[in-house]
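First the structure, in the form of C-alpha cells, and then the observations on it.
Counting starts at 1 for both ligands and their atoms, in listed order.
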Amino acid sequence: MIQSKLKQIFGYDSFRPLQEEIIQNVLRKQDSLVVMPTGSGKSLCYQLPALEFAGLTVVVSPLISLMEDQVMQLRALGVTAVFLNSTLDHHGYDWVADQLLAGSAKLLYAAPETLVQPQTLDLLAKCQVDCLTIDEAHCISEWGHDFRPEYRQLVALRRRFPDAVCLAVTATATERVRQDIKSSLAISAAHQFVASFNRENLMLSVEPKTDGLAQTIHFLQAHPDESGIIYCNTRKQVDFLAGELARRGWSVLPYHAGLDDATRRQNQQDFIRDDVPIMVATIAFGMGINKPNVRFILHYDLPKNLESYYQQIGRAGRDGLPSDCLLLFSYSDVQTINYFINQQDPSQQQGARARLEAMLGFVETAICRRRPLLNYFGEPYHTENCETCDNCTAEVGELVDLTIPAQKFLSCVKRTGELFGINHIIDVLRGSRSQKVLQRGHDKLSTYSIGLEFSKKEWQYLARQFVQQGLMTQDMEYGSLKLTPKAYAVFKGELVRGTLPDKPRAAPSATDFANYDQNLFQQLRQKRKALADAAGVPPYVIFSDRTLVEMATYFPQSRASFGELYGVGEAKLANFADDFLPLVQAYCAENGIEEVQKSAPTTVSKSSRTPGGRTYEVLNLYNNGRSLPELCQQYDVKRSTIVGHLWKAIQAGETLRESNLLAHSKLTPAQQQQALAAFAQHGTEYLRPVYVALNETVDYEELHLLRLHFVSQLSK
Ligand code: ADP
Ligand code: ZN
C-alpha cells in the first residue's frame, strides 16, 4: 500500500534508496535517525507515513521559509498540512488550532520556539500525535556546526509524546554529531539510516580561474534558460559580478548580507519563482531554499572547506536531473582564505588549515573527484570511473612530451630564487616589461623571454600540471613555487609527459539528458509560470521541470498517459491535466508528433539519445531524394520540424545526402557566410550564442537550417 500511495499521491514510480526501509521502520513505530544528503528525498520518509497514521505528524523545522514551502507543496498534492511559526497572527494561529482539533490536518510544521510555548503544548495535548519528526536534527548537538539552544528543549518535548514515533532527520552529521543525536533522543544504533553522500546527478568540475568573468559567461552560455547560483566569497565580488553580467544582458540578481531585508527577500522570491534565473550570491544564500530545478552551481571563488562546497553544490539538482557544478580555482584565493584563517582564534587555525588542505586535495586531484570528496565525509568510493566529473570524462588528451616547456618553467623558478608565484614566472618567460620584472632585474635572466610559444593562459595550464605532477610545490601562504627533487631529475633529462591546453571543457547541460522537444518544453514552462503567478506560488509547486521534460518526451495524448508522468498523482492530474494536456495535443497535431509510450520508469536518462523512428523515416526519405518542401508537405509540418529530425539524425552519427541546403535560405549569400562563420566560432550545440553574435537579426528558423548545412558539410 505504501507503494500505491507513492504513485497515487506523490506521482513517483519507485522509492529512492533507503526511503522504503525508513518508511517501514517509522510505520512500525521504531525511533530512527536518518542521515541523507540534500535532495535525496528525506521529506517523503515522514510525509508518506503521515498519510498512513490515524493521528498527526508534527515536523519541527528551524527554517520558516522551508516549512511554508513544504506546506504549499503538500497542499498542491491534496494533503492537508498546516504550519505554526512566528509569522502567524492571532487569526492564523486560531485557524490552525481549529484544523488540528478537528483532526483534519495530517501534518503540522512548527518552528521549535513556537512548539515549546505552553499554548502550543496545550493544543497538542488535545491531539493524537503519532509521529514527531525533527528536521535538521544536527542542531541538537553542540558538536555540530549549527547548534541551536532551542533544539535542546525538544528532548523534553519528545517525552511528552511517548506514543509518537520519533524521526530525526539531517543532511549533515559527523560521527560525533550522530552519536549525540542518538543519545539525546534515545535512538538505538539499529535504527540509524545513513545514505550515500554521492550525488550521482551532479557533474563536478574544476577549472583554473584565468579570466573569471569570461569563464562565467562561457559557462552561462552553456546553460541557456536554466536556473543556477553563482557563489562568490565576498559581497564586493557579488556586486561586481552581478553588475557585469547584468550589463551584458544576463538576467541576474545579487544576494548578500549587506542588502536590506526587503531586497533580499524580494531577490530570493524572484529566483524561486523563476522570474530571474541566476542568483549571484555569497554563502548567505541558499539555506532553506527548496527549489528543485537549480541546474548549475558556479563557484567563482574557492570555498574554504569541503563542507561548504558540498552544501552549496547540494542545492543543485534536487529533482534528480543532471546538474552542472563548476569551481573556478586560483591560488590567490588560497592566499585570501589563509589570510582570514590567520585572523581567527589560534585554537581554530589548525583545523581550518587542515580543512582548506582537504579542499585543495579535491581541487588538485587527477583522479575521480568523488573519491576525495566522499572520503572526506567518511564514505569510501571505489567506482573506477564515475562518468560525471571532469577527471573521469576528460578525453585522455593525447599525452605529449612536455619536457622542454617543463625545463624552461622550472629553471625560471629556480633562477628567480623560488620566491615567486605562477604569474610572475610566466611574465618573465614571456618577456614582460612590467615594473615587477624590471625592478628585480629579471629581464637580465637567461630565462627571460624564452617562453613566447605559449600564451599566458597556456602557461598557467601547463604550470598547474607541473604542480600536479609533483615537479614543484606551491606555498599556500604566499603562492610562491618551490622545486622538488623531481624537478632536478627533469633538468637532467627525465621525460615529462602531459596534455596541451587546447581542449575546451564540454559543459553538460540538462538539455543533454534526453531528446526532449525544446519548443514544447518552453511552451509548457510559460504555461506553468502563468498558472504559478496566478496562484501566487513558485512554479515547481505546480510541476517540477522533470514533469515538463517528460511531457516533452512522451507527448501524452490522454489523461491516462498524463497520469503516468513523473510527479503526477491524483491531485495534480485532477487540477492540471486540463491546462497542460490540450497544449501538448495541439503541439503534436501541429508538428505531426505521436505519443511515445512511457514504459520503464526511468526512460529519461543519458543513454536515451537515440532518435525515435520518425527521425529515421524522415532521414531515409530525405536521403532517397525527397526535398525539404516535399517532406514538409508530406508530414504537414513546419520546415523546422523536418530540419530538427535531420539534425537529430546527424547527432546520432548519420550523414545526409549531397544537396544544397542553402538554396532554401532566405538570407543573402553574405549573411549566410556570416552565420556560418558564427557557427564555426561558437559551435553548434546551442543556437543562442550564434543568434546573439548575429545581433539577433537572423531568426531561429533560419539558424536551424544553416546549422544543419554547417554540420552536414563538416561530416563530409
Ligand atoms: P531533502 O529533504 O532530502 O533535501 P526532498 O525531500 O526535498 O529532499 O526531495 C528532493 C526532491 O526529490 C523533491 O523534488 C522530491 O519531490 C523528489 N523525490 C523524493 N522522493 C522521490 C522518489 N521516490 N521518486 C522521485 N522523486 C522523489
Ligand atoms: Zn569521477
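Judged purely by atom type and a 3.5 angstrom limit, K106 has no side-chain atom pairing as donor or acceptor with the backbone of A81. Between the K572 side chain and the A76 main chain, no donor and acceptor come within less than 3.5 Å of each other. Judged by distance alone, with hydrogens and angles left aside, the side-chain atoms of N391 form a donor-acceptor pair with the main-chain N or O of I367 at under 3.5 Å. A donor-acceptor pair under 3.5 Å links the side-chain atoms of N385 to the main chain of C392, judged by distance alone. Side chain of R295 to main chain of D225: no donor-acceptor pair is present (N/O by atom type, distance under 3.5 Å, no hydrogens or angles). With D31 contributing its side chain and C166 its backbone, the two residues share a donor-acceptor pair below 3.5 Å. In this structure, the side chain of R315 engages the main chain of F285 through a donor-acceptor pair within 3.5 Å. Side-chain atoms of T383 do not come within 3.5 Å of backbone N or O of Y381 as any donor-acceptor pair.
Ligand-side atoms of ligand 1 in range of F15: 23 (N), range being under 4.0 angstrom from any heavy atom. For ligand 1, the atoms closer than 4.0 angstrom to any heavy atom of T38 are 4 (O). Shown in contact with S43 at under 4.0 Å from a heavy atom are these atoms of ligand 1, numbered in order with element: 2 (O), 5 (P), 6 (O), 7 (O). The atoms of ligand 1 that sit less than 4.0 Å from any heavy atom of Q19 are 19 (C), 20 (N), 21 (C), 22 (C), 23 (N). Annotation for ligand 1: atoms under 4.0 Å from non-hydrogen atoms of S14 are 22 (C), 23 (N), 24 (N).
A side-chain hydrogen bond (donor to acceptor under 3.5 Å, both in side chains) with D274 is found for exactly one of K291, R525, K529, namely K291.
Annotation: angle subtended at the Zn ion (ligand 2) by C392 SG and C368 SG is 110°, to 10°.
At most 12 non-hydrogen atoms from other residues, nucleotides or ligands lie less than 6.0 angstrom from CD of E200.
Contact annotation: for P37 versus ligand 1, heavy atoms closer than 4.0 Å belong to the backbone alone. Counting heavy atoms under 4.0 Å from ligand 1, residue S544 does not touch it at all. With a heavy-atom cut-off of 4.0 Å, M36 does not touch ligand 1 at all.
Among all protein heavy atoms, the one lying closest to atom 15 (C) of ligand 1 is Y12 OH, 3.3 Å. Scanning all protein heavy atoms for the shortest distance to atom 26 (N) of ligand 1 gives Y566 OH, 2.9 Å. Closest to atom 13 (C) of ligand 1, if we only count protein heavy atoms, is R318 O, 4.2 Å.
For ligand 1, the polar-atom distance check against Q70 finds no nitrogen or oxygen pair separated by under 3.5 Å. Geometrically, ligand 1 and G39 share a nitrogen or oxygen pair separated by less than 3.5 Å. Note: an N/O pair closer than 3.5 Å links G41 and ligand 1 by distance alone.
Heavy-atom distances between G314 and ligand 1 stay at or above 4.0 Å for every pair.
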